[in-house]
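What follows is a single structure, written as structure tokens, with notes after it.
Whatever order the structure lists them in is the order used to number ligands and atoms, beginning at 1.
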Amino acid sequence: MKKALITGIGGQDGSILAELLLQKGYEVYGIIKREAIENPNLKLKNIASIVNEVELIPMSVTDPMAVYKAIKKIHPDEIYHLAASSFVSYEFEDEVAMMNSNFNSTYYLLSSILEINKDCKFFFAGSSEMFGEPFESPQSENSKFNPKSMYGIAKVSSYYLLKNFRDKKGLYTCTGIMYNHESPRRKSEFVTKKIIETAVRIKLGRAKELVLGNLDAVRDWGYAPDYMNAALLIMSQPKPDDYIIATGHLHSVKQFAETAFSLLDLKVDDYIKINTKYFRASENYPLCGNPEKLKGLGWSTSKSFTEIIKMMIEEELTNQTN
Ligand code: G4F
């Protein structure tokens, strides 16, 4: 039986990936923050249904000795490095912590497998924020990186680390450059979940308004399980490589909100307020990915923009009325 180790198993992506790997018959190990185990209401809810089928390792990926020991003990066949501080800020604050969780962790994992288990395959969750202020749109695997956040800089640094360990040390390493991907498990700080949660609260008479930033901001939004299936597909290729994981379609925050409200028979304009504190510098060229290389492996998306929103609304209605 193959063994997979997931960092960040309690998050949206980690929990979805764990389910997919279990379905494929893998033995699944997950690194999770100790506080998530101690406060199950915090994060274990995403993995509540599989918690008895996976082995959780409470530790921090920023602790090099703990990372080394975990890999020595488990001897995984595959590692999926998804743990990250994932909220993007263009203010340069808390840079060392950001570099620690999004870059140093990658280094500790890669150097440990180089030492212990050179045959272990390695997937890294990259981000469209690596292109930050893009020079062209859509972006492909050949587009130039131009990160504008510490988050993006840390992701680009990890990307080059993977490339170096692949080209110079012979490890099987792949970066999936993932654009925004959503599901009912998305955290409330991200705009999609914020819109869905508030729209449902308004529908149930528990809120009166939705305060957002720039409604004209556009994103390439996809469905998180499709992106985790992409990670598995990428890791099943004979040769390691890097891929854009995106839909190639753009929608605005306004379109997202309009769709969500109309699915609840509400008119968005009656409820939206703008607060400039949520504004971020917008890009000259939008962050939109070109997934052609990945499609060449047979990948496709399973849900449209509207279907993703519908599913998030249905789950939110169930949660808020139970
Ligand atoms: O939902 P967001 O906060 O996601 P963002 O910054 O694009 O980052 C997400 O996707 C990246 C690419 O996959 C990941 F790397 C990252 O880890 C994360 O998962 O913001 C989306 C857009 C932005 O343009 C933002 O300016 O929505 C705009 N927006 C407008 N009003 C808002 C709001 N964003 C938030 N969070 N809150 C608002 O009220």
Side-chain angles (χ1 to χ4, degrees), residues 7-8 11-14 16 81-91 98 101-103 124-134 137-139 145-159 175-183 185-199 207 209-224 226-228 230-231 243-260 268 271-289 291 305 308-309 312:
T7 73
Q12 168 187 264
D13 293 355
I16 293 169
H81 183 28
L82 312 179
S85 309
S86 60
F87 191 70
V88 180
S89 165
Y90 298 140
E91 309 302 323
M98 180 60 85
S101 60
N102 291 5
F103 173 74
F124 173 65
S127 162
S128 57
E129 287 295 325
M130 290 159 65
F131 298 112
E133 186 68 69
S137 191
Q139 298 85 42
F145 296 131
N146 192 22
K148 62 177 176 180
S149 59
M150 202 59 199
Y151 173 86
I153 292 170
K155 290 279 182 186
V156 170
S157 308
S158 281
Y159 164 91
T175 297
I177 303 177
M178 294 196 269
Y179 285 62
N180 299 50
H181 46 288
E182 316 300 313
S183 81
R185 296 184 193 175
R186 197 54 151 149
K187 281 197 255 166
S188 311
E189 61 197 337
F190 296 101
V191 75
T192 54
K193 183 74 171 189
K194 178 177 170 181
I195 292 171
I196 301 285
E197 274 179 355
T198 315
E209 59 181 32
L210 168 62
V211 185
L212 290 173
N214 184 5
L215 298 183
D216 297 324
V218 289
R219 282 291 184 268
D220 177 340
W221 277 296
Y223 182 48
D226 289 342
Y227 288 42
M228 292 304 105
Y243 294 85
I244 296 278
I245 312 180
T247 71
H249 301 293
L250 283 176
H251 293 92
S252 66
V253 171
K254 176 95 195 255
Q255 281 173 309
F256 193 103
E258 272 169 357
T259 310
V268 74
Y271 303 100
I272 286 197
K273 297 260 168 352
I274 303 298
N275 189 326
T276 49
K277 85 170 179 190
Y278 296 116
F279 271 64
R280 300 187 209 159
S282 54
E283 304 84 22
N284 288 335
Y285 292 99
L287 286 171
C288 181
F305 178 71
I308 299 169
I309 299 174
M312 289 176 79

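Under the 30°/60° scheme for interplanar angles, the aromatic rings of F305 and H251 are found to lie parallel.
Contacts between L212 and ligand 1, counted as non-hydrogen atom pairs separated by less than 4.0 Å, involve both the backbone and the side chain. Contacts between L215 and ligand 1, counted as non-hydrogen atom pairs separated by less than 4.0 Å, are absent for every part of the residue. Residue contacts with ligand 1 for M178 involve N, CA, C or O but no side-chain atom from C-beta outward (heavy atoms, distance under 4.0 Å). Within the 4.0 Å heavy-atom criterion, the part of E189 lying near ligand 1 is the backbone and not the side chain. At a 4.0 Å heavy-atom cut-off, ligand 1 does not touch K187 at all.
Heavy-atom contacts of Y179 reach the following atoms of ligand 1: 12 (C), 13 (O) (cutoff under 4.0 Å). Close approach of ligand 1 to V253 is summarised as follows: ligand atoms under 4.0 Å from at least one heavy atom of the residue are 27 (O), 28 (C). Less than 4.0 angstrom separates some heavy atom of A217 from each of these atoms of ligand 1: 24 (O).
Here the CD1 atom belonging to I244 is positioned 8.0 Å from the CE atom belonging to M130, to the nearest 0.5 angstrom. We find the OG1-CG distance between T198 and L212 to be 7.5 Å, quoted to the nearest 0.5 Å.
Remark: distances from the non-hydrogen atoms of Y151 to ligand 1 include one below 4.0 Å. The closest approach between any non-hydrogen atom of R186 and ligand 1 is below 4.0 Å.
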Full working for side chain to side chain donor-acceptor pair (under 3.5 Å) between Y179 and Q139: CA-CA 10 Å; Y179 285 62; Q139 298 85 42; 2.7 Å; yes

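By the side-chain contact (heavy atoms from CB on, under 4.5 Å) test, N275 pairs with V211, K277, Y278, sequence neighbours left out. K273 pairs by the salt bridge (Lys or Arg N to Asp or Glu O under 4.0 Å) definition with E209, not counting sequence neighbours.
By the 3.5 Å distance cut-off applied to N or O atoms, W221 is not counted among the residues near ligand 1. Polar contact with ligand 1: present for R280 (N/O pair, distance under 3.5 Å). For ligand 1, the polar-atom distance check against V191 finds a nitrogen or oxygen pair separated by under 3.5 Å. Annotation: K194 places an N or O atom under 3.5 Å from an N or O atom of ligand 1; distance criterion only. For ligand 1, the polar-atom distance check against E129 finds no nitrogen or oxygen pair separated by under 3.5 Å. The shortest N or O to N or O distance between G213 and ligand 1 is under 3.5 Å.
Residue E197 comes nearest to S188 through the heavy atom pair OE2-OG, 2.9 Å, listed as atom of the first residue, atom of the second, then distance. Nearest heavy atom pair, residue A246 against residue G289, reads CB-CA, 3.6 Å.
Shown here is F190, whose CZ atom has more than 12 heavy atoms of other residues, nucleotides or ligands within 6.0 Å.
Considering only heavy atoms from C-beta on, F131 stays 4.5 Å or farther from V156 through its side chain.
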